[in-house]
Amino acid sequence: MTESLNISQFIMNSKSTLENNHDISSDSEDGYEPPFLQTITKEELRLARVQKRAQKKAEKHAKAEVFKRMGDELFHKDKFEEAYIPYLEATQIWPSNVDYYNRLSMTYSRLGWYEEAAHASTRALTLNPKSIEARYLRGVARLEQRLLGAAKSDLEIVTTHDANHTKAADTLQVVLKSLEAGTKLGNHTISHETAPPDAETAAATAAIPELDFSYPHYDDEALEMDTLSNTSDCNHRGNGVPCRFYNRAGCAKGSLCPFSHAPDEKSVRDDLGRNVCTYFLLDTCKFGAAKCVYSHSRSFLPKHGWWTSEEATAKVKSIVELSERTMKERRSLAAQLSLLEKRARSKAARAKTPKVANEGDVEEAKEEGEVKESSQERKAEGADKGQRKPGRKHLRTKRPQKKDAKDSAGPSKEKEDGGSESVAALTDKLAGLTTEYKKLDGENRAEADPDASVVLEY
């Protein structure tokens, strides 16, 4: 009895608890969720990605340092032909490290590759325009190339901002002496003054900008390099078509997705790994947020970028417009070139194909043959006339009459069908008839009719 009372009391307490709370979902309205139902916010996801990228970055830097130490060991052993290889590999792994480019420039100079040394130093200066060592190394490389004006510009900047740089001061004196020696011949000073140019030449010269050997300038801003992560999403390119789901709520297929998750030239990577539409950031996207395959959200973009400045945005917009015009012109020129090549191939094919004689050409050739045959007959008749005996009439031949167009069309058609005789066969037939005629004339056939005529059939 007591047990049944306790069970009924437990049921009543449970019922009153449900009535007070109305339903189970009220717990979630108060902010409580079971641990297995808690969702990860976008901010937590962003922080997790930032931490992961920082870890990848540290691993890459450690790997680059290994190559740098290998280069240092070879450099100190004067093995410069081997030392530049690990230095170059280090710059590929960590492309924003100024010290690596300076070491590479020094190695190039020791090898006598002064042009490559100047390029490496310029790369270092774009990353840090205030690098005194990079500017000094470039000045020395320019001096070795006999680019005295350019070397002077770099070395003067070095001595201006670092008065204790004795090497730069000594090298600058060498440059100044070389420049002065170029203006003297013995005790005579060479004057470079020339006659004043005309107005047109002066205007054209003024329009040409002077070379700026000091670029990048000392006060310029350093180049910010966006180092991409080495994650599977960043490297997953698929079929090259951007994945709409990845750039929005996320793609559930991951690396098995047939579409691309990687960044491209039409998007900017945000801290969540999504690709934000560049045209959206320029306010020129023609698809809109609903149809565009890229993200249209600025929430998680990096804090430092061209999209944060109106001036930089205007520059990027002009570059994009110029690139689009250039691509259109290239496509148009490629289409014109393809059409010209097609016409050239067609013309060459027609030139190789033998020409088929038409009916007019056959008639013209036949008429020329008839004229030649009649000429030969007249010559033969004149020769026979000179040899005829007096008192005897000579058999005359009728001149072959020219056939009309209707008759001539028949043999031409037959010739096309392969049933007519050629001009050479007709000539042989005429020669046989002429021989027979002479034979008859030689036998003095008195009974021959003087008015008889030999009709040549063609």
Side-chain angles (χ1 to χ4, degrees), residues 39-64 89 91-96 223-308 313 316-317 319-335 338:
T39 58
I40 301 176
T41 63
K42 289 185 177 181
E43 182 63 24
E44 292 175 345
L45 181 61
R46 184 188 70 84
L47 293 176
R49 290 183 64 88
V50 169
Q51 184 178 2
K52 186 176 180 180
R53 293 187 67 177
Q55 183 180 358
K56 290 283 186 179
K57 187 177 181 180
E59 293 176 359
K60 291 174 65 176
H61 290 180
K63 184 177 179 181
E89 187 68 24
T91 59
Q92 298 295 325
I93 299 173
W94 191 349
S96 59
L223 177 65
E224 294 182 2
M225 296 189 64
D226 184 18
T227 56
L228 298 175
S229 63
N230 195 25
T231 60
S232 58
D233 288 339
C234 187
N235 294 327
H236 180 68
R237 302 190 177 276
N239 58 6
V241 179
C243 179
R244 179 190 299 271
F245 299 99
Y246 177 79
N247 293 326
R248 301 299 178 88
C251 181
K253 295 184 179 180
S255 59
L256 299 178
C257 180
F259 299 98
S260 174
H261 296 176
D264 53 21
E265 69 279 2
K266 295 182 181 179
S267 62
V268 177
R269 196 84 161 176
D270 66 2
D271 290 338
L272 291 179
R274 300 177 302 181
N275 302 310
V276 183
C277 179
T278 301
Y279 295 93
F280 160 72
L281 299 177
L282 297 174
D283 296 328
T284 59
C285 183
K286 60 183 179 181
F287 298 105
K291 296 183 179 180
C292 186
V293 295
Y294 299 103
S295 172
H296 277 212
S297 175
R298 297 173 178 263
S299 302
F300 297 96
L301 285 173
K303 297 181 180 179
H304 302 285
W306 56 265
W307 48 87
T308 61
T313 302
V316 173
K317 188 174 183 179
I319 293 173
V320 170
E321 292 175 352
L322 177 61
S323 176
E324 290 179 349
R325 288 197 301 269
T326 304
M327 290 302 296
K328 288 182 180 179
E329 292 176 358
R330 287 183 178 180
R331 287 194 294 268
S332 177
L333 291 175
S338 177

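Source: prediction; values computed, not measured.
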Decide yes or no on side chain to side chain contact (heavy atoms under 4.5 Å, CB included) for Arg298 and Leu281, but give the supporting numbers first. CA-CA 8 Å; Arg298 297 173 178 263; Leu281 299 177; 3.8 Å; yes

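- When the side-chain hydrogen bond (donor to acceptor under 3.5 Å, both in side chains) test is applied to Ser267, the partners found at least two apart in sequence or on another chain are Asp264.
- For the pair Glu265 and Thr278, the tightest heavy-atom approach, listed with the atom from each and the gap, is O-OG1, 4.2 Å.
- By the side chain to side chain contact (heavy atoms under 4.5 Å, CB included) test, Glu329 pairs with no residue at all, sequence neighbours left out.
- Tyr246 contributes no side-chain N or O that, together with a main-chain N or O of Lys253, makes up a donor-acceptor pair within less than 3.5 Å.
- A pairwise comparison of heavy atoms in Asn275 and Ala262 identifies ND2-O, 3.5 Å as the closest pair.
- Annotation: Glu324, atom CD; neighbour count of heavy atoms from other residues, nucleotides and ligands within 6.0 Å is above 12.
- Judged as a side-chain hydrogen bond (donor to acceptor under 3.5 Å, both in side chains), and not counting sequence neighbours, Trp307 has no contacts.
- If you take NZ on Lys60 and NZ on Lys56, they are separated by 10.0 Å, rounding to the nearest 0.5 Å.
- Annotation: side chain of Gln55 is in contact with side chain of Glu59 (closest heavy-atom distance under 4.5 Å).
- Under the side chain to side chain contact (heavy atoms under 4.5 Å, CB included) criterion, Thr326 pairs with Leu322, Arg330, not counting sequence neighbours.
- Every side-chain hydrogen bond (donor to acceptor under 3.5 Å, both in side chains) that Ser299 has, sequence neighbours left out, goes to Ser297.
- Not counting sequence neighbours, the partners of Val241 by the side chain to side chain contact (heavy atoms under 4.5 Å, CB included) test are Asn239, Phe259.
- If you take SG on Cys243 and NE2 on His236, they are separated by 7.5 Å, rounding to the nearest 0.5 Å.
- Under the side chain to side chain contact (heavy atoms under 4.5 Å, CB included) criterion, Ile319 pairs with no residue, sequence neighbours left out.
- Using modelled atom types, one side-chain atom of Asn247 and one backbone atom of Val293 make a donor-acceptor pair closer than 3.5 Å.
- Contact record, Thr284 with Lys317: CG2-CE, 3.7 Å, taken as the closest heavy-atom pair.
- Considering all non-hydrogen atoms of both residues, Lys291 and Arg244 come closest at O-NH2, 3.2 Å.
- For Trp306, the ring pair (Phe, Tyr, Trp, His ring centres under 6.0 Å) test picks out no residue, with sequence neighbours left out.
- The two residues Ser295 and Arg248 come nearest to each other via the heavy atoms CA-NE, 4.3 Å.
- The two atoms that bring Trp94 and Ala64 nearest to each other are CB-CB, 3.8 Å, heavy atoms only.
- Interatomic distance, Lys286 NZ to Cys292 SG, rounded to the nearest 0.5 Å: 11.0 Å.
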Does the side chain to side chain contact (heavy atoms under 4.5 Å, CB included) test come out yes or no for Lys57 and His61, once each step is laid out? CA-CA 6 Å; Lys57 187 177 181 180; His61 290 180; 3.4 Å; yes

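- Applying the side-chain hydrogen bond (donor to acceptor under 3.5 Å, both in side chains) criterion to Asp270, with sequence neighbours excluded, gives Arg274.
- Residue pairs that meet the ring-ring contact (aromatic ring centres under 6.0 Å, His included) test with at least one member in residues 269-289, sequence neighbours left out, are Phe280-His296.
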